[in-house]
Amino acid sequence: MGRRFFQRYTPEVARGLLGVKLVRVLGKARLSGIIVETEAYRGWRDPASHAYRGITERSRVMFGRPGHAYVYFIYGFHNCLNLTTEPEGVPGAVLIRALEPSEGVETMMKNRKAIATADISSGPGKLTQALSIDRALNGEDVVTSERLFLERGRKVERAGVSSRVGVKRGKRFKWRFFDAESSHVSMEMRQRLQNP
DNA sequence: GCAAAGATCGGCT
DNA sequence: GCCGATCTTTGCA
């Protein structure tokens, strides 16, 4: 995926990432999964976004060039992976919320101590654990990186849209996108199917 | 300095 | 459905 893909209106990128394969290379091992759920965080008017109050040490990456990883640590336990969007200077990022595992499933299971494959990466904190993604990858350029990047995946026929989950403010933005035909999304919110 | 909240998960009731 | 774990970031004194 080129830089231009990310340099657009964030909800558009979030929708466009559905069906794309996220690849993590660890030594000679390849771990990957198809993105089936995303959320957009954008601009200065979105109260749920880390960029809401302007540039801080943490949110700096969101204001930088598009196509970079923004990884933050939350609740004392979990890392969350985002990909930055919009032209430089405009804050935006897409939170990757769920993957459908494809390569390296055994390793991901081990990383997760999971017994069911549906449980490997069906949540933002789960997938970073499965793919060994932490803040060491914050700021990684996924357009040129060889340890974290995107590849062509499959076409998503039916995309669902809803409010974002887990946020208190900014509910009015319908910026959560998911593959309505996937059984690997983070929650069973497969009602309210629409076309974005 | 310090206190409080947080883009979560898993276990228990 | 509710609760606890655990620690970073941020806002305010």
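All chains are named by letter (A, B, ...) in the order of the sequence lines, taking the proteins before the strands, and each is independently numbered beginning at 1. Computed from a prediction, not measured in an experiment: that's the story for all the values here.
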DNA chain B nearest-nucleotide lookup for A:V167 and A:R112: closer to the 5′ end is A:V167
Tell me: CG of A:N138 to P of C:dT9, nearest whole Å?
-> 10 Å
Between C:dT9 (P) and A:R135 (CZ): distance, integer Å = 6 Å
Once you round it to whole Å, what is the distance between P of C:dT9 and CD1 of A:I74?
-> 10 Å
Closest approach of A:Y72 and A:N82, non-hydrogen atoms and distance?
-> CE2-ND2, 3.3 Å
From CZ of A:R176 across to P of B:dT8 the rounded distance in Å is 11 Å
Do A:T85 and A:Q7 get their side chains close enough for a donor-acceptor pair, meaning under 3.5 Å?
-> no
Polar side-chain atom of A:S163 near backbone of A:W175 as donor-acceptor pair, under 3.5 Å | no
Considering Watson-Crick and G-U wobble pairs with both distances under 3.5 Å, what does C:dT6 pair with?
-> none
When the distance from NZ of A:K113 to P of B:dC9 is rounded to whole Å, what number comes out?
-> 15 Å
Write down the distance separating the P atoms in C:dT6 and B:dC2, rounded off to the nearest Å.
-> 22 Å
With respect to the phosphate group of C:dT9, does any side-chain polar atom (N or O) of A:H50 fall under 4.0 Å of OP1 or OP2?
-> no
Within the structure shown, what part of the strands sits under 4.0 Å from A:G125 by heavy-atom distance: base, sugar-phosphate, or nothing?
-> sugar-phosphate
Under 4.0 angstrom between A:K168 side-chain N/O and B:dG6 OP1 or OP2 | yes
Aromatic centroids of A:F73 and A:H78 separated by under 6.0 Å = no
Is the ring of A:Y41 stacked on the base of B:dA7, with centres less than 5.5 Å apart and planes under 30° off?
-> yes
Pair partner, B:dC2 [Watson-Crick or wobble, under 3.5 Å] | C:dG11
Give a yes/no answer on whether the side chain of A:R169 brings an N or O atom under 4.0 Å of OP1 or OP2 in B:dG6.
-> no
A:F73 has an atom CZ; how far is it from atom C1' of B:dC9, in whole Å?
-> 13 Å
Side chain of A:R53 only, please: which of B:dC9, C:dG11, C:dT10 is the nearest?
-> C:dG11
Row check, A:Y70 ring normal vs A:R60 NZ/CZ: under 6.0 Å, within 45° = no
Phosphate oxygens OP1/OP2 of C:dT10: is one of them under 4.0 Å from a side-chain N or O of A:T56?
-> yes
Atom pair distance, as rounded to whole Å: CZ in A:R97 and C1' in B:dA7 | 7 Å
Of all the choices, C:dA5, C:dT10, B:dT8, which nucleotide is nearest to the side chain of A:H78 once you look at every atom?
-> B:dT8
The nucleotide from C:dA5, B:dC9, B:dG6 with an atom nearest the side chain of A:P124 is B:dC9
When we call it a touch if two heavy atoms are under 4.0 Å apart, what does A:R58 touch: a base, just sugar-phosphate, or nothing?
-> sugar-phosphate
Once you round it to whole Å, what is the distance between P of C:dT6 and OH of A:Y75?
-> 16 Å
Under 3.5 Å, is there a donor-acceptor pair between the A:S122 and A:S186 side chains?
-> no
